[in-house]
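In what follows, a single structure is set out as structure tokens and then discussed.
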Amino acid sequence: MRDLSDELLGWYDVHARAMPWRVPPADKKAGVRPDPYAVWMSEIMLQQTTVAAVSAYFHRFMARWPTVGDLAAAQDADVMGEWAGLGYYARARNLLKCARAVVAEHDRQFPADHAALLKLPGIGPYTAAAISSIAFDLRHTVVDGNVERVMARMFDEHTPLPAAKPILTTHAERLTPAERPGDYAQAVMDLGATICSPKSPACGICPWRDPCAARAAGTAADLPKKTPKKAKPVRHGTVYLARRSDGAWLLETRPESGLLGGMLGWPGSDWVDASLPRPANAPLSADWAKVDGEVRHTFTHFHLILDVMVATVEDDTQGAFLPRDKFRPSELPTVMRKAYDLAQK
Ligand code: SF4
């Protein structure tokens, strides 16, 4: 399999995508080593999120907290606020826990060891493999959606995902070289993202066009096969935006466990199945008015529709009101920001 990895690495040396967290292959050959902190940060942010969405967040985090020690010493609320809009907020909570564990247990150095990485908060098998290979050049195989697609095509594998995952992982492991495994991992991902794209693979310019079984069979655009997903259920609920006449907003920090855990949000009802009556339980007694329209947001496992109620209340109304000068809509998670935007209309 050495020739296949050599061919791909030769392509990567010329065509590697520029990424803010990546050491380009020429610099790597000149002896520049990746910063494990930057690699870890990027991998956590990239879980379930695109490169395009992550870049600005990555730059902001690295500018504000340039080392793992800086991040470990940060205020939880500052980190959660900076993460707002990136979604999957458990990642932000684990980011902090992991930074603090690296400081407390590993002398501020990410361990160059797959098993030790796996024990850190928020680092699962995929992320441990990515950090091991990309940051430390250890021979571990990274298998994301891009890699699965490339493997399904290279080996003309027609078993549908997710059942095909173990087969595709075995193929990917067999191709992973002992030399430059970090560059190789990034090369396969780049190939999948730029040439072996989901709908129209550019086989004519692919470094693996000759050995590729799906190209030879004419099946590339149909792979990987996927088992159809079930339709997501719809839930609904109500949020309440209370504003004091001095401009302060009634907000709550959501419970640590559960969706949007630890994030700021508007008080509101539970989110229940759309077949049930829409729940309503205002956080305080006020002259509530329903805003025209509704908020629609999609989470991993369901679609959410929210009614938005607004009220202006007296200055002396008690509760967790956030003063006007402390309130930054950008620090709200996206669904809560949508409710705020709707209320502004
Ligand atoms: S030849 Fe085509 S299908 Fe095969 S790996 Fe390359 S781009 Fe993908």
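Read the numbers this way: they start at 1 and go in the same order the structure lists the ligands and their atoms. FYI, side chains are in, hydrogens and waters are out, and symmetry mates aren't considered; it's all heavy atoms of this structure.
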Exercise. What residues join Y240 in its hydrophobic cluster, counting side-chain heavy atom gaps under 4.5 Å, either direct or through other members?
Worked result: L250, L284, W288, M309, V313, F321
Problem set entry | Carboxylate-amine/guanidinium contact R278 D307, below 4.0 Å | yes
Exercise. Should the ring pair H140 and H114 be called parallel, tilted or perpendicular, given that the plane angle runs from 0 to 90° and is split at 30 and 60?
Worked result: parallel
For this session: May I ask you to say whether D183 pairs ionically with K28, meaning some side-chain N is under 4.0 Å from a carboxylate O?
Result: yes
Exercise. What number of protein N, O or S atoms occur at distances under 2.8 Å from atom 2 (Fe) of ligand 1?
Worked result: 1
Exercise. So does R108 have more than 12 non-hydrogen atoms from other groups sitting under 6.0 Å from CZ?
Worked result: no
For this session: Please confirm whether R60 makes a cation-pi placement over Y57, using NZ or CZ under 6.0 Å from the six-membered ring centre and within 45° of the ring normal.
Result: yes
